[in-house]
Amino acid sequence: MRRSTSRGEIWHPSLYKQAIELDPNFALAYARLGTVYGNWDLLVTAEEYRKKAFELKDRTSERERLYITSHYYADSGPVGEG
């Protein structure tokens with residue numbers, strides 16, 4: 001399933017949730033859920049998923065860690081307030 005946005009298409013959250021069921025430590029799936037929910041203006045839910053991804057970031061590749069870290073700080077407001 002996909003949901004269309006003005007910037008293209010985003011995979012439906014159920015696919016990321018299924019990935020997390022298979023691997024509860026799949027940090028990038030949590031990060032993408034944070035992005036999807038943030039794009040849908042479900043900010044509390046987005047923040048919960050971003051925080052979980054940030055907790056698991058050390059289990060990822062450098063590229064994934066950069067994605068997770070940048071979204072964690074950028075989407076949580078100014079550095080030091082997130």
Side-chain angles (χ1 to χ4, degrees):
M1 284 186 173
R2 293 181 187 204
R3 179 173 175 163
S4 296
T5 67
S6 61
R7 293 187 292 165
E9 293 180 320
I10 298 174
W11 287 102
H12 196 275
S14 64
L15 298 174
Y16 295 115
K17 289 179 180 181
Q18 182 179 8
I20 290 169
E21 287 177 16
L22 295 171
D23 180 2
N25 294 314
F26 189 3
L28 192 58
Y30 287 104
R32 290 296 299 140
L33 278 168
T35 299
V36 169
Y37 284 116
N39 288 342
W40 291 350
D41 289 327
L42 299 170
L43 304 180
V44 173
T45 303
E47 184 67 15
E48 291 170 3
Y49 282 112
R50 280 194 302 270
K51 283 182 181 180
K52 182 64 174 178
F54 193 77
E55 291 171 10
L56 297 170
K57 74 181 183 316
D58 293 333
R59 305 173 57 89
T60 64
S61 68
E62 184 176 350
R63 184 178 197 170
E64 292 169 337
R65 206 166 24 259
L66 177 61
Y67 177 88
I68 291 167
T69 302
S70 65
H71 280 271
Y72 178 79
Y73 287 113
D75 297 340
S76 296
V79 174
E81 294 182 20

Main-chain N/O of Y67 paired with S70 side-chain donor or acceptor, under 3.5 Å
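The answer is yes, because a donor-acceptor pair under 3.5 Å joins these two groups.
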Determine whether L66 and L33 fall in the same hydrophobic cluster, where Ile, Leu, Val, Met, Phe, Trp and Tyr are linked whenever their side-chain heavy atoms lie under 4.5 Å apart.
no
Do Y16 and L43 belong together in a cluster built from hydrophobic side chains that touch within less than 4.5 Å?
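Different hydrophobic clusters.
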Can you name the side chain to side chain donor-acceptor pair (under 3.5 Å) partners of Y37, sequence neighbours left out?
K17
Restricting to non-hydrogen atoms, name the atom on [X] and the atom on [Y] that form the minimum distance, rounded to 0.1 Å.
| X | Y | answer |
| --- | --- | --- |
| G38 | A46 | N-CB, 3.4 Å |
| I68 | L28 | CD1-N, 4.3 Å |
| R65 | T60 | NH1-O, 2.6 Å |

Taking side-chain contact (heavy atoms from CB on, under 4.5 Å) as the definition, give me every residue that meets it alongside D23, ordered by chain and number, with sequence neighbours left out.
N25, F26
Considering only distance and modelled atom types, tabulate donor-acceptor pairs under 3.5 Å from the side chains of residues 48-57, sequence neighbours left out.
{"unit_1": "R50", "atom_1": "NH2", "unit_2": "E47", "atom_2": "OE1", "d": "2.7"}

